[in-house]
Amino acid sequence: MKVAIIGCGNIANSAHIPAYMKNRDVEIKYFCDIIPERASAAVAKYGCGRAITDYREILGDREVDAVSVCTPNNLHAQITIDCLEAGKHVLCEKPAARSYTEALEMQAAQHRTGRVLNIGVVNRFNDSVNLIKKYIDSGRLGEVFHVYVSFRAHRSIPGLGGDFTTREVAGGGVLIDWGVHFLDIVMYCCGDPKPISVSAEAFCKLGRNIREYAYRSMWAGPPRYDGIYDVEDSVTGMIRTGGPVITFNGAWAQNIGKDEMYIDFMGDKAGIRLYYGKDFEVYTSEHGALVSYKPEFNMTNHFENEINAFVGCIQTGERLASHIDTVIITQRIMQAIYDSAATDREIEF
Ligand SMILES: NC(=O)c1ccc[n+]([C@@H]2O[C@H](COP(=O)([O-])OP(=O)(O)OC[C@H]3O[C@@H](n4cnc5c(N)ncnc54)[C@H](O)[C@@H]3O)[C@@H](O)[C@H]2O)c1
């Protein structure tokens, strides 16, 4: 299978390209980036493919079966739709798009073309997350009535003034960048419950004066003092669903001293705290005693699992849990969170 990488930045180099390189069924035919040096650096580093700067060159190449879309969020919809229409299968990085409307257009293109469209909700291929799903599905937690989600950092606004903090490019701030992963984990582990209503608030406080924002290091940095910062650096709220109630508190920056990156699944028989990207702890009681334990297991690389599953599903026709039809609900919830915050009222589905 021949694939193309569109956008040769951070996630392409740290996850997609190395995973494709390890997959024996795959050959990377194109590395595309509007910054020519990034595309040619990938050709030199990985010793294969052609460097190009315009993804439309890929559309006419019948040899290319599939693409990874690893560009900033504002280009996800356009590039994905163009590739689907050209008959390519697509793995598009998260979030699906900047808005629910754009994500619906992507979904419509998938339905029209019948090609695969998966979104990079990589945690659905994570061993901890899949084990927690088994605990919940098998009833070990009893009724999971409440899930608390914390994706909070003391100081972690990325590239202040750049793509990540510009609404026109990113679609939002910490919710659309980090929250998308956390909400997706909850939806997946709890069986994709139907959302009922959302009430939320979003704040643009700590980074709004770019020159005054204090930090130790900045990923996707350095700050652009003449840049734009018009997204939320923290967000909080409640989502009622047909399953558990979900409450959340997320922040790129929040004056909390220590980062708090975890999800608490609270059941009436047991609870689980997932340490994001790591392992988890189970809390329960046995014979009148309080008990907790940390399951031990081998952690495989979730990006490799995601890419291998994408390649595999093209070959077998299997529908993955990262299909746009499943993932789009998180985009709808995020839209409702933003709408609720903007209008100071609860949004009902
Ligand atoms: N799954 C994850 O955990 C994860 C982690 C990081 C980023 N991401 C997602 O991946 C995407 C990219 O993030 P990143 O951190 O790699 O950003 P990045 O800025 O490092 O890389 C994006 C690249 O896209 C290129 N690009 C821009 N316009 C283009 C175009 N028209 N054609 C081809 N290339 C173009 C840029 O020049 C840049 O090299 C974002 O949507 C982000 O949310 C996902």
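We number each residue from 1, following the sequence as shown. When a ligand or atom number is given, it counts from 1 through the structure's own listing order.
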Subset of ligand 1 atoms that lie under 4.0 Å from at least one heavy atom of [X]:
X     : result
Ile35 : 37 (O)
Gly9  : 16 (O), 20 (O), 21 (O), 23 (C), 39 (O)
Cys70 : 12 (C), 22 (C), 23 (C), 24 (O)
Pro72 : 22 (C), 24 (O), 27 (C)

Salt bridge (Lys or Arg N to Asp or Glu O under 4.0 Å) partners of Lys22, counting only residues at least two apart: Glu304
Taking [atom] as the reference point, the nearest protein heavy atom with its distance:
atom                    : result
atom 44 (C) of ligand 1 : Glu93 OE1, 3.1 Å
atom 26 (N) of ligand 1 : Ile34 CG1, 3.6 Å
atom 4 (C) of ligand 1  : Ile11 CD1, 3.5 Å
atom 3 (O) of ligand 1  : His181 NE2, 3.1 Å
atom 37 (O) of ligand 1 : Asp33 OD1, 2.6 Å
atom 9 (C) of ligand 1  : Lys94 O, 3.5 Å
atom 20 (O) of ligand 1 : Asn10 N, 2.9 Å
atom 11 (C) of ligand 1 : Thr71 O, 3.3 Å

Between Phe280 and Phe297, what is the ring plane arrangement, given parallel below 30°, perpendicular above 60°, and tilted in between? tilted
Is NZ or CZ of Arg211 both nearer than 6.0 Å to the six-membered ring centre of Tyr225 and within 45° of the ring axis? yes
Heavy atoms only: which of Val121, Asn73, Asn74 lies closest to atom 40 (C) of ligand 1? Asn73
Just to be sure I'm reading this right: ignoring hydrogens, which of Glu37, Arg38, His76 gets closest to atom 19 (O) of ligand 1? Compare them by their nearest heavy atoms. Arg38
Under 3.5 Å, is there a donor-acceptor pair between the Gln254 and Asn249 side chains? yes
Please collect all side chain to side chain donor-acceptor pair (under 3.5 Å) contacts where either partner lies in residues 169-183, sequence neighbours excluded, each pair once. Lys94-Asp177, Asn123-His181
Within-cutoff protein neighbour (heavy atom, under 4.0 Å) for atom 17 (O) of ligand 1: no
More than 12 foreign heavy atoms under 6.0 Å from CZ of Arg112: is that the case here? yes
Would you mind checking if Lys205 and Glu232 are paired as a salt bridge, meaning a charged N to carboxylate O distance below 4.0 Å? no
Taking the basic N atoms (NZ, or NE/NH1/NH2) and the acidic carboxylate oxygens, is any pair closer than 4.0 Å for Glu27 and Lys2? yes
Of all the heavy-atom pairs spanning Thr166 and Gly161, show the shortest one and how long it is. OG1-O, 4.1 Å
